[in-house]
Amino acid sequence: MATIDLTGETFGGTVAGEGIVLVDFWAAWCGPCRAFAPVFEAASERHPDVVFSKVDTEAEVGLATANRITSIPTLMVIRDGVLVYKQPGALPEPQLELLISKARELDMDDVRWQIAESSTAA
């Protein structure tokens, strides 16, 4: 499966659904972003059940700002509508594969319970 480009209009609908969505925030002028792109694209071919998406931070400034992107590339992983990972930096292929495996293994009922607990404790 190829990566898809997200915009302010398509972002919410894409990340709100069931399953795993990876979002790569990038820009054309960013060397590490360009280095990470083939790794991200290759992973999209190996994992057709995962949505691999990209946000061009130059074209989608509002979307980058709304997601508090301060460094690129930044990779977000959303599982069943819940943000479970957000970290700047280009990942090598083995770490990206491990991240996808860990996202698959998550017990989302437990994740939601932990989020609820932390918000009531605050």
Side-chain angles (χ1 to χ4, degrees):
M1 173 179 194
T3 60
I4 59 171
D5 293 323
L6 294 181
T7 65
E9 292 77 36
T10 61
F11 184 86
T14 301
V15 302
E18 294 284 316
I20 300 171
V21 179
L22 276 70
V23 184
D24 173 23
F25 287 85
W26 70 284
W29 54 262
C30 168
C33 298
R34 289 193 312 272
F36 180 59
V39 172
F40 194 71
E41 186 71 32
S44 77
E45 298 296 331
R46 288 190 299 274
H47 301 280
D49 59 319
V50 174
V51 175
F52 286 78
S53 58
K54 297 177 82 65
V55 174
D56 180 348
T57 58
E58 294 291 300
E60 297 294 333
V61 175
L63 191 52
T65 302
N67 284 281
R68 298 185 180 118
I69 304 302
T70 58
S71 180
I72 55 173
T74 290
L75 182 64
M76 290 173 50
V77 179
I78 297 117
R79 165 99 189 263
D80 299 339
V82 177
L83 177 64
V84 296
Y85 177 90
K86 178 181 169 188
Q87 190 72 39
L91 294 177
E93 183 179 332
Q95 280 75 18
L96 181 57
E97 289 297 322
L98 180 61
L99 182 60
I100 293 167
S101 293
K102 295 293 184 187
R104 289 185 198 283
E105 295 170 4
L106 287 172
D107 177 342
M108 291 309 293
D109 289 333
D110 185 52
V111 169
R112 286 185 188 92
W113 180 84
Q114 288 179 34
I115 291 168
E117 284 295 307
S118 68
S119 63
T120 58

So which heavy atom on [X] is nearest to which on [Y], and how close?
{"X": "E117", "Y": "T120", "result": "O-OG1, 3.0 Å"}
{"X": "A27", "Y": "E58", "result": "CB-CG, 3.9 Å"}
{"X": "V15", "Y": "I78", "result": "O-CG2, 3.3 Å"}
{"X": "V111", "Y": "V84", "result": "CG1-CG1, 4.5 Å"}
{"X": "P73", "Y": "A90", "result": "CG-N, 3.7 Å"}
{"X": "T57", "Y": "F25", "result": "CG2-CB, 4.0 Å"}

State whether R104 and D49 are salt-bridged, where the test is any N-O pair (Lys NZ or Arg NE/NH1/NH2 against Asp/Glu carboxylate O) under 4.0 Å.
yes
So does D24 pair up with K54, basic N to acidic O under 4.0 Å?
yes
Tell me, please, which residues at least two apart from E97 pass salt bridge (charged side-chain N to carboxylate O under 4.0 Å, His left out).
R46
Partners of F40 by ring pair (Phe, Tyr, Trp, His ring centres under 6.0 Å), sequence neighbours excluded?
F36, F52
Path from [X] to [Y] over hydrophobic side-chain contacts below 4.5 Å:
{"X": "L63", "Y": "I4", "answer": "yes"}
{"X": "W26", "Y": "V51", "answer": "no"}
{"X": "L83", "Y": "F11", "answer": "yes"}
{"X": "L75", "Y": "L98", "answer": "no"}

Could you tell me the separation between the [atom1] atom of [X] and the [atom2] atom of [Y], rounded to the nearest 0.5 Å?
{"X": "E60", "Y": "L6", "atom1": "CD", "atom2": "CG", "result": "8.5 Å"}
{"X": "S101", "Y": "H47", "atom1": "OG", "atom2": "NE2", "result": "6.5 Å"}
{"X": "T74", "Y": "Y85", "atom1": "OG1", "atom2": "OH", "result": "9.5 Å"}

Donor-acceptor contact present, side-chain [X] to main-chain [Y], <3.5 Å:
{"X": "S53", "Y": "L22", "value": "yes"}
{"X": "R79", "Y": "M108", "value": "no"}
{"X": "D107", "Y": "D109", "value": "yes"}

Applying the side-chain contact (heavy atoms from CB on, under 4.5 Å) criterion to V77, which one of V23, L99, V82 satisfies it?
L99
side-chain contact (heavy atoms from CB on, under 4.5 Å) between V21 and V50, intermediate numbers included
CA-CA 6 Å; V21 179; V50 174; over 6 Å; no
Do R68 and K86 come within less than 4.5 Å of each other through their side chains, counting heavy atoms only?
yes
